[in-house]
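Just so it is clear: chains get the letters A, B, ... in the order the sequence lines come, proteins before strands, and each one is counted from 1. What you see below is based on every heavy atom in this structure, not just the backbone, and it leaves out hydrogens, waters and symmetry mates.
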Amino acid sequence: MSELKVYNSYSRQKEVFEPITAGHVGMYVCGPTVSGESHLGHARPYITFDVIFRYLQHLGYKVRYVRNITDAGHFEEEGRDAIDKISSKAVLEKLEPMELVTKYTNLFHWAMDQFNTLKPSIEPTATGHIVEQIEMIKAIIDAGYGYEVNGSVYFDVKKYAASHDYGKLSGRVLDDLLATTRELEGQEEKRETADFALWKNAAPEHIMRWQSPWGVGYPGWHIECSAMATKYLGAKFDIHGGGMDLLFPHHESEIAQSTICNHTAPVRYWMHNNMITIDGRKMGKSYNNVIKLTELFSGTHPLLAKAYHPMVIRFFILQTHYRSTLDFSNEALQGAEKGLKRLWDTYEKLQKLEYIDQDNVVDKELETRITKQLAEFDEFMNDDFGTARVLANMFEIVPVINSMNDKIIPIASISNDVFVLLKEKMKTFVEDIFGLKGITEADNEKLQGVMDLLIEIRKDAKSKKDFVTSDKIRNELTKLGITLKDEKGGGMSWNIE
RNA sequence: GGUCCUUUGGCCGAGUGGCUAGGCAGAGCUCUGCAAAAGCUCGUACAGCAGUUCGAAUCUGCUAGGGACCUCCA
């Protein structure tokens, strides 16, 4: 079998994946900022890296997957009056940042469960690691790369760049950054515009604040990831992931901080997922075009023609390579919904199918084709996680499975060995690696019993050519949103819309 | 303005120097009491121009459109 290759944003090419410690993988993914609700765009990295996490485990690696919660910063709840921050109100009336952060952390976890993502091995919070961040800043100052101004600490990018490869990850040229004329907050304190904050002095109205050697303040925007990644994965670890929009300045800054602090480049493979776009434009708060996950699941957004099941979103995302942009539209999502349904129905049929031996019916050509397509599941995943190509292969196999199920072709068209392999591989990839589930949950035993009864009555009616009764059962169920299908051979199946 | 990326059939999207991805939608047919599923068949696309090549949608250049980052951002 081929070896795993991943596209490294740092080198801008695919590289063979070799873990630093044999058999183990350390992976850090930038998590959500929990000052507001997650939207569709946020779903992409977490689903992408969930599949990567699952696939690495499938390959036999012991993976430590760290995904942080950014719960420190300059927070305000959307729509909430800024005056809330001022301490003239009673404690219970005031905006309590930890309450805000807890609310959106819970909502985030709920959404991730809906997507069937596995929980990270460690999910550290920024507020829980203030001490580590302060220590790291101290080390950077001691090393001569940080300087304090008015209770804030900045990283000296120019000095760093003199002896290090600053800007390589994001393709930035320092001179261009130094030449910028943009007016940005706190700019006057910095020695150079390209410098970034490690620690910020907190204004009186700033609601999240901690004591530090430089006075009361809060950590800079990039230090949390460096501190927590170092703590849980070590000075140098295998994979660091996140959205492409984090390339600069976030990840570039992380490299600089960690390199000074730990005397080594922190990450072996940088991986970045591309954006989800809507009308060709990145979905983001500043563009005012976000669709929140709760809106997506419930269909309550002017742009949505209907509600979309979380699994549809997951499937939608997997149908594209993670480094390509993915354009949102109702048409595309409905296409994904239909596709997932067909794949899942067929998958369930396959798992129920039993091999039936039969002489002289093996179709060598078909068997070779199936074997090849199954082997390609691994090939495609090993080639920088080509989930879209694996799905395409699955859809090539779908008609074969359906034909077997409908007895259009004998199951013995392929040998028992290949049949068993087919079942196993489909299960591994569909459920274990892609993390897909059925859209309809019909696991209710009592309902199952009722349906069995109705099906029996309908079969009776049909055998007596009493189509009035049989149609009534089916039509009334349809009105309730339950589809009853006659199958070849007299069986009946059903599912809930 | 700088850096980088991208442009594939009605829609979404793989892929890549020769071997027509796939999904959705659409058309026809088969099966079926009807329906729904399912199966079969069909569309022959790679922004434009020029070049490299025996051969390019795939490489190079130019032109045009779109986008990301340069500021918090998945």
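If you check every strand for non-hydrogen atoms under 4.0 Å, A:Gly41 touches a base. At a threshold of 4.0 angstrom between heavy atoms, the contacts of A:Met283 include nucleobase atoms, whether or not backbone atoms are also involved. Within 4.0 Å of A:Asn475, counting heavy atoms only, lies no atom of the nucleic acid at all. Counting non-hydrogen atoms under 4.0 angstrom, A:Arg172 reaches a base of the nucleic acid. Among the atoms of the strands shown, base atoms are found under 4.0 Å from some heavy atom of A:Leu484. Among the protein residues, A:Ile276 comes within range of the nucleic acid bases, having at least one heavy atom under 4.0 Å from a base atom. Contact annotation for A:Arg281: backbone-only contact, meaning every heavy-atom pair under 4.0 Å involves sugar-phosphate atoms and none involves a base. Within 4.0 Å (heavy atoms only), A:Ala332 reaches sugar-phosphate atoms of the nucleic acid but no base atom. Among the atoms of the strands shown, only primed sugar atoms or phosphate atoms (P, OP1, OP2) are found under 4.0 Å from some heavy atom of A:Glu396. Within the 4.0 angstrom heavy-atom criterion, only backbone atoms of the sugar-phosphate kind lie near A:Ile408; the bases stay farther away. Residue contacts shown for A:Lys462 include a base, since a base heavy atom lies under 4.0 Å away. No engagement by A:Asp345 is indicated, since no non-hydrogen atom pair under 4.0 Å with the nucleic acid exists. A:Lys282 comes within contact range of at least one nucleobase, with a heavy-atom separation under 4.0 Å. No contact: A:Met244 has no heavy atom under 4.0 Å from any strand.
In the set B:rA25, B:rA37, B:rA74, the nucleotide with an atom closest to the side chain of A:Asn273 is B:rA74.
A cation-pi contact, defined as under 6.0 Å to the ring centre and within 45° of the axis, is absent between A:Arg314 and A:Phe434. A cation-pi arrangement is absent between A:Arg209 and A:Tyr218, since the terminal nitrogen or guanidinium carbon is not both under 6.0 Å from the aromatic centre and inside a 45° cone about the axis.
For the C1' atoms, the distance from B:rA27 to B:rG66 is 33 Å, rounded to whole Å. Straight-line distance between the P atoms of B:rC70 and B:rU58: roughly 32 Å, to the nearest whole Å. A distance of about 26 Å separates the C1' atoms of B:rU53 and B:rA21, rounded to the whole Å. Comparing the same atom, P, in B:rG23 and in B:rU41 gives a spacing of 12 Å after rounding to whole Å. B:rC34 and B:rG43 have their C1' atoms separated by 31 Å, with the value rounded to a whole Å.
B:rC42 and B:rG26 make up a base pair, with Watson-Crick or G-U wobble contacts both under 3.5 Å.
Using modelled atom types, one finds a donor on one side chain and an acceptor on the other under 3.5 Å when comparing A:His272 with A:His251. No side-chain donor-acceptor contact under 3.5 Å links A:Asn273 and A:Thr48.
Using a 4.0 Å cut-off between a side-chain N of Lys or Arg and a carboxylate O of Asp or Glu, A:Asp466 and A:Lys462 do not qualify as a salt bridge.
Toward the 5′ end of RNA chain B lies the nearest nucleotide of A:Tyr322, the other residue of the pair A:Tyr322 and A:Asn402 mapping further downstream. The residue among A:Arg12 and A:Ser470 whose nearest nucleotide of RNA chain B is located toward the 5' end is A:Arg12.
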Next item on the list: List the steps, then state whether side chain to side chain contact (heavy atoms under 4.5 Å, CB included) holds for A:Lys119 with A:Asp113.
Entry: CA-CA 9 Å; A:Lys119 294 189 185 348; A:Asp113 283 346; 3.2 Å; yes
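A stacked arrangement is not assigned to A:Tyr46 and the six-membered base ring of B:rA74, the conditions of a centre distance below 5.5 Å and an interplanar angle below 30° not being jointly met.
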